[in-house]
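As structure tokens, the structure follows; a few thoughts come after it.
Every heavy atom of this structure was used, including side-chain atoms; hydrogens, water molecules and symmetry mates were not. Below, chain A is the first sequence line, B the second, and so on; all start at residue 1.
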Protein chains: 2
Amino acid sequence: MLDDLPIGRAAALSGVKVPTIRYYEQIGLLRPAPRNEGNRRRYGADDLSRLGFIRHARQLGFELDQIRELIALSEEPESPCGRADAIARRQLADIDDRVRRLLALRAELARMTEGGCHGTIAECRVIEVLADHGKCAHHGVDEAA
Amino acid sequence: MLDDLPIGRAAALSGVKVPTIRYYEQIGLLRPAPRNEGNRRRYGADDLSRLGFIRHARQLGFELDQIRELIALSEEPESPCGRADAIARRQLADIDDRVRRLLALRAELARMTEGGCHGTIAECRVIEVLADHGKCAHHGVDEAA
DNA sequence: CTGCATCCTCTAGTCACTAGAGGAGCAAGC
DNA sequence: GCTTGCTCCTCTAGTGACTAGAGGATGCAG
């Protein structure tokens, strides 16, 4: 009976770690679990289902605030689904952007490591390329500093 | 003369933000800058070059510890470059892995948003798919929770 | 001198967890 | 009943790479 599970069982069944479940409760993504006389949390099927939803959304790269919104939407079955769709589409665009950047970075690293490495640092393409930004093939990709 | 620059100029010329420069000095990636009588940091060409190296490596996704190591290597021109090459190759493999995962996630999101959205939450594929993990096309991609 | 921009240190926050200290509860085995 | 080992509890702080902002000092132009 999925109705009286300790947190360890809930973690095992949901794939979400014990401390992470506590964290989600703390930040309000999961309702506060009722406790037994020993003050231990007790979880039911609804909780497992919620955890699965969160886990799945995290895997898809949604941020917790987006997940919070998706959950709120899921609890209002009569509302229009445009908002959920927009969140997912934005996520899709974000992934596209990240892939594009990663592929550009990959190309540069491949160039760097091309032909292997047979000598010393003084002749090393990896160090050389990092040190000479004129050789940087992706100016404009500014995601840090 | 690139030999007596205040931090703001160094930031502008290197593309690394003022607080980030201070941060890099704090964590030892950048030597502590000499100060003028007003206790303001002064930077020279070598510093700008170092900042450029760090920035470029960050853009390529190297972690600061890896960058620390690459810098140490770059300061020993006679040493074998196998280590730098290995760091870069690992980064390449990491990017490949991330792209692969992102593409799998993209496929699932695309499926989710396919056909647009015309109704309510009760019929919403985004919410439906997140709620039903049997429909999850990428079991095994476990990068969170 | 005033005002504004730049610089300083320091503390704490961001995001999504994660680690661990110190203690309590629980159940099986003796 | 006692012991042992596992699970659970709260709380604090850490991770990585920054980032924000408070409160104050410096420098320069008007």
Side-chain angles (χ1 to χ4, degrees), chain A residues 4-30 32-43 47 50-51 53-71 91 94 98 105 141-145, chain B residues 4-30 32-43 47 50-51 53-71 91 94 98 105 141-145:
Chain A
D4 195 41
L5 301 170
I7 195 167
R9 288 302 299 154
L13 289 173
S14 67
V16 182
K17 294 179 189 167
V18 168
T20 308
I21 295 177
R22 290 197 198 108
Y23 175 63
Y24 289 159
E25 175 181 304
Q26 185 195 326
I27 63 172
L29 268 196
L30 195 60
R35 307 292 183 104
N36 68 10
E37 322 79 52
N39 196 34
R40 292 168 173 232
R41 291 172 175 83
R42 282 300 183 250
Y43 294 99
D47 302 308
R50 169 63 63 82
L51 283 170
F53 187 102
I54 296 169
R55 181 178 180 231
H56 195 183
R58 285 294 302 130
Q59 284 171 340
L60 290 172
F62 290 103
E63 294 176 357
L64 294 185
D65 275 349
Q66 289 172 319
I67 295 168
R68 200 185 304 275
E69 195 172 350
L70 290 169
I71 287 170
Q91 189 58 19
D94 183 60
R98 281 154 67 192
L105 298 183
V141 183
D142 192 3
E143 64 183 40
Chain B
D4 195 45
L5 303 170
I7 195 167
R9 287 303 296 153
L13 291 172
S14 67
V16 183
K17 294 180 191 170
V18 167
T20 308
I21 294 177
R22 290 197 197 107
Y23 174 65
Y24 289 159
E25 174 180 306
Q26 182 194 328
I27 63 171
L29 266 197
L30 197 57
R35 308 293 181 102
N36 68 11
E37 323 80 49
N39 198 32
R40 290 169 176 229
R41 293 172 174 81
R42 284 299 184 251
Y43 293 99
D47 302 310
R50 168 65 62 83
L51 282 171
F53 187 102
I54 296 168
R55 182 178 178 230
H56 195 183
R58 283 297 300 131
Q59 283 172 341
L60 289 171
F62 291 103
E63 293 176 356
L64 294 185
D65 275 348
Q66 289 172 315
I67 295 170
R68 201 187 301 279
E69 195 173 348
L70 290 169
I71 287 171
Q91 188 59 18
D94 184 59
R98 280 154 68 193
L105 298 183
V141 181
D142 192 1
E143 65 184 39

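Rounded to whole Å, atom C1' of D:dG16 lies 9 Å from atom CD1 of B:I27. In this structure, B:Q26 places its CD atom 14 Å from P of C:dC8, rounding to the nearest Å. Residue A:E25 contributes atom CD, which lies 16 Å from atom P of C:dC17 at whole-angstrom precision. Distance, A:I7 CD1 to C:dC26 P: 15 Å, rounded to whole Å. Per the geometry, CD belonging to A:E37 stands 7 Å off P belonging to C:dC26, to the nearest Å. Here the P atom of nucleotide D:dT7 and the OH atom of A:Y43 are 16 Å apart, to the nearest Å. The CG-P distance, from B:N36 to D:dT26, rounds to 11 Å in whole Å. Going from atom CD of A:Q59 over to atom P of C:dA16 covers 15 Å, rounded to whole Å.
If you check C:dA16, D:dC18, D:dA25 against the side chain of B:R58, the one that comes closest is D:dC18. Comparing C:dG25, D:dC18, D:dA25 against the side chain of A:R40 picks out C:dG25 as the nearest.
For A:R41, no side-chain nitrogen or oxygen approaches OP1 or OP2 of D:dC8 to under 4.0 Å. Contact annotation: B:R35 does not reach the phosphate of D:dA25 (side-chain N/O to OP1 or OP2, under 4.0 Å). Within the structure, every side-chain polar atom (N or O) of A:T20 is placed at least 4.0 Å from both OP1 and OP2 of C:dA16. For D:dT19, one of the phosphate oxygens OP1 or OP2 lies less than 4.0 angstrom from a side-chain nitrogen or oxygen of B:K17. Note on A:Y23: every side-chain N or O is 4.0 Å or more away from OP1 and OP2 of C:dC15.
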Kindly indicate, with the supporting measurements, whether the criterion side chain to side chain contact (heavy atoms under 4.5 Å, CB included) is fulfilled by A:R22 and A:Q26. CA-CA 6 Å; A:R22 290 197 198 108; A:Q26 185 195 326; over 6 Å; no
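Pairing each heavy atom of B:N39 with each of B:R35, the nearest pair is O-NH1, 3.0 Å.
Looking at A:R40 and A:N36, their side chains never bring a donor and an acceptor atom within 3.5 Å of each other.
For B:R42 and A:N39, each mapped to the nucleotide of DNA chain C holding its nearest heavy atom, the one lying further toward the 5' end belongs to B:R42. Between B:E63 and A:R9, the residue anchored nearer the 5' end of DNA chain D, judged by the nucleotide with its closest heavy atom, is A:R9. Nearer the 5' end of DNA chain D, as judged by each residue's closest nucleotide, is the contact made by B:F62, out of B:F62 and B:G38.
Within the model, atoms CD1 of B:I67 and CG of B:L29 stand 6.5 Å from one another, a figure rounded to the nearest 0.5 Å.
Not a single donor-acceptor pair, N or O on each side, falls under 3.5 Å between the base of C:dT9 and the side chain of B:R22.
A salt bridge does not link B:R50 to B:D47: none of the charged side-chain nitrogens sits closer than 4.0 Å to a carboxylate oxygen.
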